[in-house]
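Since the structure comes first, as structure tokens, the remarks are kept for the end.
Worth saying up front: this structure is predicted, and the values here are computed from it rather than measured. Labels below follow one simple rule: chain letters A, B, ... track the order of the sequence lines, proteins then strands, and each chain is numbered from 1.
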Number of protein chains: 2
Amino acid sequence: MNLPTERSPRKAKGQGPERREEILAAALRLFSEFGVYAVSTRQIAQAVGISQPTLYAYFPTKDDIGAELQNRAFALLAQALALGAKGDVASRDELVAMLRIYVDFGLSHPDMYRIAFMADNAQVRSWLPQSLSPATQSTYGVLRAMITDLHARGLTVDLDPETLTQSTWSGMHGLVSLMIAKPGFPWVEREHLITSHLGLIAGSLLQN
Amino acid sequence: MNLPTERSPRKAKGQGPERREEILAAALRLFSEFGVYAVSTRQIAQAVGISQPTLYAYFPTKDDIGAELQNRAFALLAQALALGAKGDVASRDELVAMLRIYVDFGLSHPDMYRIAFMADNAQVRSWLPQSLSPATQSTYGVLRAMITDLHARGLTVDLDPETLTQSTWSGMHGLVSLMIAKPGFPWVEREHLITSHLGLIAGSLLQN
DNA sequence: TCCATAACCAATCGTTGATAAGTGATCAGT
DNA sequence: ACTGATCACTTATCAACGATTGGTTATGGA
């Protein structure tokens, strides 16, 4: 029998939606430091100060915690891009500055970027064509809108805007994800590499 | 001496090094179909026809099975690139053909590529500066040799070869890794996208 | 006072990667 | 022919994993 029925001290932190945020914050920190597959639900629960089953009152599965973080990362990136996209892009330097927002976001939030664009979970693997999150569409949409506009003004090379957008996105993502995934690689000086890379992308995108 | 081994009435399949190859073959098939993290050591063992602990007589850990497959895959990539690099690159189309080897390899072996360049595990995370796998160095080396040669012949834009190599690698990696990580994204027609993207990379790399 | 609901947890399930101890076949040395 | 070592492999087991069950405790409206 369980006699010592001491009153639960009640973590005093938060309940309901607040608890949910605490879980997400702890999960993000742990995922970022150790990787998604190296972090257990028990570790997350302990970091929050609750029992492991309680996690399942807030998220159906562990993957759903990662999915939520992923969606939020997308939203933040889309917001940053949208802020920078005020007004038309008028010069090559302004185009580079826009692309730079994307790169800087990825490099200054490598944890979020990794979850958003480099995830290796069953959910991503089982994605069906139409199931893209609004945040993903938003992020991509801002970039596409800018390039479509450039294309309409006859400033780009002769390729359809959709292809140009995906190629440009790939170019930026390649640099960001490689620098995140291989921090030990003997990269040339970071600022020089970013400037050169974005310059090459902008140069190939714009008609010249 | 070493007679043709008819000595084992055992499992009739193989022992020693042969067993090792059977394990690698089964693991590659399962990893490719379901993903590394969704396949258990028991499943691999069952596919080979041995008990699960027997795996550990051939590999110290499950990760080592993946690592071996990764090294072999990228030895193949380096080899494919080296074969394609016979002789100087004489035209833009030849350069695109070289880059195409890399892209095709990544898209044909997505799980190996994921392990090698998109990994999210403790091993990669704890990498210290100089600990790059020979396969990575080899793969990168072939690309750098080609671009350094182009640079020496005055065919590239005015940037140092190391930066050009890293930028070019980033461009290819971006397309491959995004298409692997987001198979549900509404990509434009694959062949068109690859051709366009590599064309843009080659165009920005070569002086024009 | 009663009860619905929210928030939470101990106990437990089946499975995971990995280890320990032991079994039988095969070998070299005597 | 016997012995002891070794090889390839097994069953049994471990702690930890993600997830579920069955419940306890606290709160607030009727």
Atom CD of A:Q46 and atom C1' of C:dC9 are separated, to the nearest Å, by 15 Å

**Message:** Are A:H173 and A:Y113 an aromatic pair, judged by ring center distance below 6.0 Å?
**Reply:** yes

* Look at the side-chain N and O atoms of A:Y58 and state whether any lies under 4.0 Å from the OP1 or OP2 oxygen of C:dC8. => yes

Here the distance between atom P of D:dC9 and atom CD of B:E18, to the nearest Å, is 11 Å

The residue, A:Q52 or A:A57, whose nearest nucleotide of DNA chain C is more 5′ is A:A57

Judged by nearest nucleotide, the residue sitting upstream toward the 5' end of DNA chain D, A:P60 or A:Q43, is A:Q43

Here the distance between atom P of C:dA18 and atom CG of B:D63, to the nearest Å, is 7 Å

Here the distance between atom C1' of D:dG18 and atom OH of B:Y37, to the nearest Å, is 16 Å

Practice prompt. Would you tell me if any nitrogen or oxygen in the side chain of A:S51 comes within less than 4.0 Å of OP1 or OP2 on C:dC8?
Written response: no

query = Distance-only, no hydrogens or angles: does the B:Q43 side chain make a donor-acceptor pair with backbone N or O of B:L30 under 3.5 Å?
reply = no

note: A:Y56, atom OH; C:dT12, atom P; distance rounded to Å ~ 19 Å

From the candidates D:dT20, C:dT12, C:dA18, the one with an atom nearest any side-chain atom of A:R42 is C:dT12

query: Under 4.0 Å between a side-chain N/O of A:T54 and OP1 or OP2 of C:dA7, yes or no?
result: no

_Students often mix this up, so state it plainly: with edges at 30° and 60°, are the rings of A:F185 and B:Y140 parallel, tilted or perpendicular?_
perpendicular

Just by distance, with hydrogens left out, do B:T163 and A:H192 show a side-chain donor and acceptor under 3.5 Å apart?
yes

The nucleotide from C:dT19, C:dC9, D:dA19 with an atom nearest the side chain of A:I50 is C:dC9

Out of D:dT21, C:dA20, D:dC9, minimum distance to the side chain of B:R19 belongs to D:dC9

